[in-house]
Amino acid sequence: MTDTSNPLFRPTDAEPLAARMRPRVLDEFIGQSHILGPGRLLRRAIQADRLASLIFHGPPGTGKTTLARVIANTTEAAFVSLNAVLSGVKEIREAVAAARQRLDFEGRRTILFIDEVHRFNKAQQDALLPWVENGTVVLIGATTENPYFEVNKALVSRSRIFRLRPHTEAELFEVATAALTDRERGYGDRRVELDADALDHLVNVANGDARALLNALELAVETTLAVGGAIHIDREVAEESIQRRAVLYDRDGDAHFDTISAFIKSLRGSDPDAALYWLARMVYAGEDPRFIFRRMLVFASEDVGLADPGALGVVVAAAQAFDYVGLPEGRFALSQAALHLATAPKSNSTLGFFDALEVVHHEREAEVPAHLRDGSRDSEGFGHGQGYLYPHAYRDHWVAQQYLPGPLQGRVFYQPTGQGHERTVRDEVLRRREVQLAALLERGNSGPGEILTLSPPDRVRDSWLAQVTSRAGERLAAIRDTAFELAGVLRHHLLLDLGAGSGLFTWEGLRRAPEGQIWAVTETPEEAELLLKLADRLDGLDRPVVLSGPLGDVGRLVVQRSEAALRFDVIFARGVLKRGSGPELFAAVVPLLAAAGTLVVIEPDPENTQRLHRLLPAGALPAELFAGLRAAEEDIYRGAAGGPAIAAAAEAAGLTGVRIRTLVHEVVWTVGEQTLRRWFTPGGTDGRPSFADRLGERLEVSGVEQVRAAFVRHLLGQDLTWRMGTVLVRSERAGERLLDGPEK
């Protein structure tokens with residue numbers, strides 16, 4: 001057990017380069033910006049010293065242990081380190097006892113870091129649970145294995161899990177540069193001349209593993225003689241220092257299951273190039289070819305089936321050939337089987353068996369029809385087998401008769417596709433089925449219907465969010481869901497909700513980006529206060545950052561509240577456009593977008609907004625008055641920001657990938673006296689003219705009164721179908737976006 005709380009552990013000259021170069025503070029940490037970038041939840045928790053239990057999951061060399069050491073250097077809590085390979089229950093108890101004393105006598109928390117936490121057995125993990133539960137220790141675990149399979153479910157449920165990604169090539173170049181220039185811990189005090197192609201080779205073969213890169217760099221430097229005071233490392237030396245790419249592949253871990261999954265899905269998608277690539281990945285990593293053959297045998301029946309009945313025979317023959325010749329020549333048979341499956345027509349109609357199995361499992365067992373029973377033993381006593389029609393005695397060797405049990409008549413399990421060989425039997429199968437079902441229905445037989453049930457799980461937090469957002473109604477929920485679909489929000493994203501108002505997008509953002517952060521900007525302080533009151537029940541780190549102010553000040557407002565120059569992955573701008581304010585919107589928000597960041601503008605669609613004149617019946621007004629009414633209404637929407645106008649403004653601001661989505665909803669609405677009074681009261685609100693003001697620009701006073709009278713006569717108290725349109729315009733800033741984020 002290592003207590004690193006006092007003093008903090010520091011690298012020594014005897015340690016390898018990879019250990020000496022470990023970052024000591026957050027600002028030295030390279031990579032993992034999806035969880036450690038400005039504004040991300042983990043960075044905020046570390047800086048605020050408000051850590052809860054964490055599990056870091058990722059491949060070797062991505063910084064799991066390093067991140068724990070950075071936390072040790074940052075937090076005020078005591079930091080105790082255990083390695084699950086070398087420690088047991090005894091060491092856990094000692095660490096917990098010391099943590100209890102520290103908490104009781106010093107009032108100081110203890111962070112317990114366990115490297116390779118998945119190596120603990122169930123008893124060892126259970127020994128940790130009560131002390132994590134009661135807050136005696138804050139657990140930080142590091143594992144290369146999927147914690148959902150390898151770590152105690154109770155521990156997982158009490159921890160936030162962050163997935164660390166392999167380093168990009170740019171990040172590895174940065175790691176190498178830091179090692180070569182650091183005079184205290186690296187080789188900055190030596191003249192190391194590293195050729196560009198040599199560094200390219202080291203970075204490429206390191207395969208995202210910073211430790212592998214530093215180990216190879218150290219081997220190259222330490223084994224190369226200095227000539228004229230300089231250590232020259234060329235491509236040949238680099239190749240000797242790191243000869244084989246390290247492929248992360250554990251036959252019982254995620255890499256094993258993920259790679260075989262990618263292989264099978266490539267076969268199913270009829271992509272022979274991808275299939276060969278994933279096959280090569282597995283063979284290169286040492287996967288057992290017999291395991292691959294077993295999966296292909298299943299695939300030949302499950303996904304190819306009767307579309308190519310010979311596919312199963314090809315894979316069986318290839319597997320037998322492999323057993324005869326072995327490696328390395330057996331790889332030809334492996335490749336042939338994979339290519340045959342990838343290029344074969346596909347049908348999953350064999351899954352009909354599992355539908356039948358489900359019926360057997362859930363429905364009451366039905367008796368075998370008497371005419372299908374074995375008649376060799378008791379045909380005389382019980383009449384078994386009597387009435388059976390022998391198909392070979394009929395034309396085409398087929399006759400319509402009952403084969404399923406009575407309660408299942410009409411149930412269909414086999415659905416032939418139109419692919420490959422199955423296409424040749426499909427029509428005949430369907431024709432015979434139709435004749436058979438028609439014959440059975442004529443006799444009054446029919447099968448029972450299916451019953452489907454669904455019991456989705458509930459979570460406390462989602463329940464609270466559902467209570468808040470349920471007030472928005474069906475139409476707003478559809479707008480919200482469409483906006484998030486267009487935005488492609490990931491769990492670690494930073495979101496900005498402009499025109500937050502009721503918080504519709506803010507609450508959904510909390511649900512969809514729990515490891516990121518949500519900023520909400522409202523037009524008025526009153527709206528901001530409402531959002532903050534609704535968020536009071538959330539933990540401080542989960543609460544949105546709420547600001548209020550005009551659209552043009554959003555950049556200044558964000559800078560005033562942020563620790564650094566924040567760039568948002570997704571910005572929602574709903575209902576913020578006034579007439580002609582498109583350029584102002586894009587000028588304000590484009591500087592706040594991250595590279596490949598997405599902007600979604602949501603506005604009422606003038607093209608699909610209800611016109612009052614369309615609700616009047618024909619002849620309700622004289623033609624001249626009706627024309628004036630229609631022109632006045634169109635004046636209201638002329639110049640309003642529709643989809644094409646918003647899209648054009650986005651492109652003018654340099655955004656790309658513009659997409660327009662329109663939603664149209666119709667609701668039944670009753671026109672009341674208060675609504676009519678508001679329409680026909682001059683002056684309007686918010687500085688905007690009322691409907692009566694617009695009419696007055698086109699009609700005489702008497703004409704306006706005639707229109708009002710027609711509305712009273714034909715619309716007052718009537719249930720009307722009211723049409724509402726919403727346009728959503730998605731655009732993005734040029735750049736490369738992270739593909740995914742931390743696990744749940």
Side-chain angles (χ1 to χ4, degrees), residues 34 475-501 504-506 508-509 512-513 516 518-521 523 550-552 554-555 558 565-609 637-665 723-741:
H34 62 286
R475 182 178 66 87
L476 292 181
I479 294 171
R480 173 200 64 198
D481 294 343
T482 303
F484 274 86
E485 174 197 337
L486 287 171
V489 172
L490 300 179
R491 292 178 61 84
H492 63 272
H493 275 171
L494 294 181
L495 310 182
L496 176 60
D497 180 10
L498 294 179
L504 180 70
F505 288 75
T506 301
E508 184 70 7
R512 299 211 190 193
I518 292 82
W519 290 56
V521 180
E523 290 189 11
L551 174 65
V554 63
V558 169
L566 283 189
R567 294 295 179 267
F568 294 93
D569 300 293
V570 176
I571 298 178
F572 294 108
R574 174 173 173 257
V576 299
L577 290 184
K578 306 298 186 288
R579 191 178 301 271
S581 65
E584 178 190 0
L585 167 69
F586 290 101
V589 302
V590 168
L592 296 175
L593 273 176
T598 301
L599 170 65
V600 181
V601 180
I602 307 101
E603 291 290 331
D605 182 17
E607 293 298 320
N608 288 289
T609 298
Y637 298 105
R638 186 171 294 113
I646 298 173
E651 291 175 343
L655 300 181
T656 61
V658 177
R659 291 162 54 192
I660 301 176
R661 183 80 63 84
T662 301
L663 300 179
V664 179
H665 293 86
R723 182 183 177 92
M724 292 180 289
T726 303
V727 62
L728 300 95
V729 180
R730 174 203 182 275
S731 55
E732 65 181 38
R733 192 171 187 175
E736 183 178 352
R737 177 185 290 232
L738 288 174
L739 295 179
D740 58 18

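Quick caveat, the model's predicted, so the values are computed rather than measured.
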Contact between [X] and [Y] at the side-chain level, heavy atoms closer than 4.5 Å - yes or no?
X: Leu585; Y: Val576; value: yes
X: Leu494; Y: Arg567; value: no
X: Leu495; Y: Phe568; value: no
X: Val521; Y: Leu496; value: yes
X: Thr482; Y: Arg661; value: yes
X: Leu592; Y: Val590; value: no
X: Val729; Y: Arg659; value: no
X: Trp519; Y: Thr506; value: no

Output the distance between atom [atom1] ([X]) and atom [atom2] ([Y]), rounded to the nearest 0.5 Å.
X: Arg723; Y: Thr609; atom1: CZ; atom2: OG1; result: 9.0 Å
X: Arg733; Y: Asp569; atom1: CZ; atom2: CG; result: 12.5 Å
X: His34; Y: Arg491; atom1: NE2; atom2: CZ; result: 11.5 Å
X: Asp481; Y: Leu486; atom1: CG; atom2: CG; result: 11.0 Å
X: Phe572; Y: Leu599; atom1: CZ; atom2: CG; result: 9.5 Å
X: Arg730; Y: Leu655; atom1: CZ; atom2: CG; result: 10.5 Å

Please give me the minimum heavy-atom distance between [X] and [Y], naming the atom from each residue.
X: Val489; Y: Ala513; answer: CG1-CB, 4.2 Å
X: Ala649; Y: Phe586; answer: CB-CE1, 3.4 Å
X: Glu508; Y: Arg480; answer: CB-CD, 3.7 Å
X: Gly509; Y: Ile518; answer: O-CD1, 3.4 Å
X: Val570; Y: Ala487; answer: CG1-CB, 3.6 Å
X: Val658; Y: Ser731; answer: CG2-CB, 3.9 Å

Could you tell me whether Glu603 and Arg574 make a salt bridge, using a distance below 4.0 angstrom between a side-chain N and a carboxylate O?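 So Glu603 does not pair with Arg574 through a salt bridge.
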
side-chain contact (heavy atoms from CB on, under 4.5 Å) between Leu498 and Val589, worked out: CA-CA 9 Å; Leu498 294 179; Val589 302; 3.3 Å; yes

With side-chain contact (heavy atoms from CB on, under 4.5 Å) as the criterion, how do Asn608 and Met724 come out once you've worked through the C-alpha distance, each side chain's angles and the decisive distance to 0.1 Å? CA-CA 6 Å; Asn608 288 289; Met724 292 180 289; over 6 Å; no

Working note: Val600 + Phe484, criterion side-chain contact (heavy atoms from CB on, under 4.5 Å); need CA distance, chi angles, decisive distance, verdict. CA-CA 9 Å; Val600 181; Phe484 274 86; over 6 Å; no

Looking only at side-chain N and O atoms, does Asp605 offer a donor or acceptor that is under 3.5 Å from a partner on Thr726? no

Quick one, Leu551 with Glu584, criterion side-chain contact (heavy atoms from CB on, under 4.5 Å). Give me CA distance, side-chain angles, the key distance, then yes/no. CA-CA 8 Å; Leu551 174 65; Glu584 178 190 0; 4.3 Å; yes

